[in-house]
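What follows is a short report on a single structure.
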2 protein chains.
Amino acid sequence: MKYCPNCAGTLNLAVPDGDTLPRHVCPDCGMIHYQNPKIVAGCIPVWQDSVLLCRRAIAPRYGRWTLPAGFMENGETVAQAASRETVEEAEARVVDLEFYGLFNITHVNQVYIMFRGRLETPEFGAGAESLEARLVQEHEVPWDELAFPVIHRTLNLFFEDRRRGAYGSHMFDIKSIRQSG
Amino acid sequence: MKYCPNCAGTLNLAVPDGDTLPRHVCPDCGMIHYQNPKIVAGCIPVWQDSVLLCRRAIAPRYGRWTLPAGFMENGETVAQAASRETVEEAEARVVDLEFYGLFNITHVNQVYIMFRGRLETPEFGAGAESLEARLVQEHEVPWDELAFPVIHRTLNLFFEDRRRGAYGSHMFDIKSIRQSG
């Protein structure tokens, strides 16, 4: 961020009065431009004993498998965002969404909020950002070809919870691969 | 948002290729500037049978009572943000944070994420953004002088859960006062 979105002035990095962190401050109009984490809303779409995965047709992690998830938009709820992403990426409609987990990914300033959702019918397809979508049982999950650690963690928790017959509300921090070695 | 933070070009509102919503797009450098909801992280600080409230020393709702809560910063987890806000607004340290509720406030593009936290000692004070802080029992909550509907809802749920002896994970949409009449 170099220029003020309000007046095109050249921004400074400075700690505003009463604040504790450096912000992008405009010396011309005085506006302070905060930058905050973004929410990625996603879903585990469930049909009978399978879950719906999609294979990414976009960077990063082109060709890797993932759960439907994407940036939450202004004007929608987190659950609406998760449903919309499931339509967009897997051409599938989920109902009865239940909060499942919150995952902090601080090194990219993202908070993943994942839901469990039920497919009313086993209809799905490859959305514009997917190469394909597929219903998989636990033994069919391509664990080594998943796109992101948060997807690995979410699916792991889901199948663990299913085995013991109770779905919790989970909260975890996902460390970067570099940090955790 | 009028000017490009990257090159100071004059932004257009346009639907980018492959997108479905109008975005702020720079005709000069091509950058797309997304705007997304913000997370407000907060805490119900609990000491014995009381909760810690603070009275706002800032707009909006100057003089009204609230729970410690504020915008999550880059680089922190949601729980860290809730703890930090409790220090900043009520000069109190909470431990054993448990996820308590997620509240969508779509008309202001905010997602409140609230925790329950335990005060290790009944030490607290008025932070820079508070006129005072006070431990209150249920019958002492100033229900008509609370700052925001989301605070009212959170406290209501908390005392209900406490009466039945089980704290759930809650998810609600908070409608604007204008919309709900």
Side-chain angles (χ1 to χ4, degrees), chain A residues 1-11 17-21 23-24 26 29 33-41 58 70-81 84 88 97-111 113 115 128-129 168-174, chain B residues 1-11 17-21 23-24 26 29 33-41 58 70-81 84 88 97-111 113 115 128-129 168-174:
Chain A
M1 194 166 205
K2 290 180 260 179
Y3 302 100
C4 177
N6 183 52
C7 78
T10 301
L11 295 172
D17 283 348
D19 203 338
T20 55
L21 294 173
R23 313 286 181 182
H24 291 100
C26 181
C29 75
H33 302 283
Y34 298 91
Q35 293 185 303
N36 302 91
K38 289 188 197 299
I39 293 172
V40 179
I58 54 170
F71 289 113
M72 182 180 171
E73 302 279 4
N74 281 348
E76 64 187 0
T77 67
V78 191
Q80 285 168 347
R84 174 182 52 72
E88 288 178 7
L97 268 69
E98 297 276 349
F99 173 75
Y100 190 58
L102 187 156
F103 303 93
N104 296 285
I105 314 186
T106 56
H107 62 282
V108 289
N109 302 314
Q110 293 177 358
V111 175
I113 299 178
F115 293 82
E129 297 181 357
S169 294
H170 300 282
M171 183 163 306
F172 283 101
D173 305 339
I174 307 286
Chain B
M1 194 167 205
K2 289 181 261 178
Y3 302 100
C4 177
N6 183 53
C7 78
T10 302
L11 295 172
D17 283 348
D19 203 339
T20 55
L21 293 173
R23 313 287 181 182
H24 291 101
C26 181
C29 74
H33 302 284
Y34 298 92
Q35 293 185 304
N36 302 90
K38 289 187 198 300
I39 293 172
V40 179
I58 54 170
F71 288 113
M72 182 180 171
E73 302 278 4
N74 281 349
E76 63 186 1
T77 67
V78 190
Q80 284 168 348
R84 175 182 50 72
E88 288 179 7
L97 266 70
E98 298 275 352
F99 173 74
Y100 190 59
L102 188 156
F103 302 94
N104 295 286
I105 315 187
T106 56
H107 62 281
V108 290
N109 302 313
Q110 292 177 358
V111 176
I113 299 179
F115 293 81
E129 297 181 358
S169 293
H170 301 282
M171 183 163 307
F172 283 101
D173 305 338
I174 307 286

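All values below were derived from every heavy atom in this structure, side-chain atoms included, with hydrogens, water molecules and symmetry-related copies excluded.
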Residue selection (most heavy-atom pairs with chain A, distance under 4.5 Å) from B:N6, B:I39, B:N109, B:N74 = B:N74
Could you tell me which portion of A:V78 (side chain, backbone, both or neither) has an atom closer than 4.5 angstrom to a non-hydrogen atom of chain B?
-> both
Can you list the residues that meet the side chain to side chain donor-acceptor pair (under 3.5 Å) rule with B:E73, with sequence neighbours excluded?
-> A:R23
Under 4.5 Å from a heavy atom of chain B, the part of A:D173 involved | side chain
With chain A, which of B:G9, B:G75, B:S169, B:A128 has the greatest number of heavy-atom pairs at distances under 4.5 Å?
-> B:G75
What part of B:T77 is in contact with chain A, defined as an atom under 4.5 angstrom from a non-hydrogen atom: side chain, backbone, both or neither?
-> both
Where does B:L21 contact chain A at under 4.5 Å (heavy atoms): side chain, backbone, both or neither?
-> side chain
Does the side chain of B:I113 reach to within under 4.5 Å of the side chain of A:I113, using non-hydrogen atoms?
-> yes
Considering only heavy atoms, which portion of A:E76 lies under 4.5 Å from any heavy atom of chain B: side chain, backbone, both, or neither?
-> backbone
Quick one: ring-ring contact (aromatic ring centres under 6.0 Å, His included) partners of A:H170, sequence neighbours excluded?
-> A:Y100
Max heavy-atom pair count under 4.5 Å with chain B, selected residue of A:H33, A:K38, A:Q80 = A:K38
Go through A:E88, A:M1, A:M171, A:M72 and name the one with the most non-hydrogen pairs under 4.5 angstrom from chain B.
-> A:M72
Checked A:G18, A:C4, A:C7 vs chain B; the most non-hydrogen pairs under 4.5 Å come from A:C7
Using non-hydrogen atoms and a 4.5 Å limit, figure out which bit of A:L102 sits close to chain B: side chain, backbone, both or neither.
-> side chain
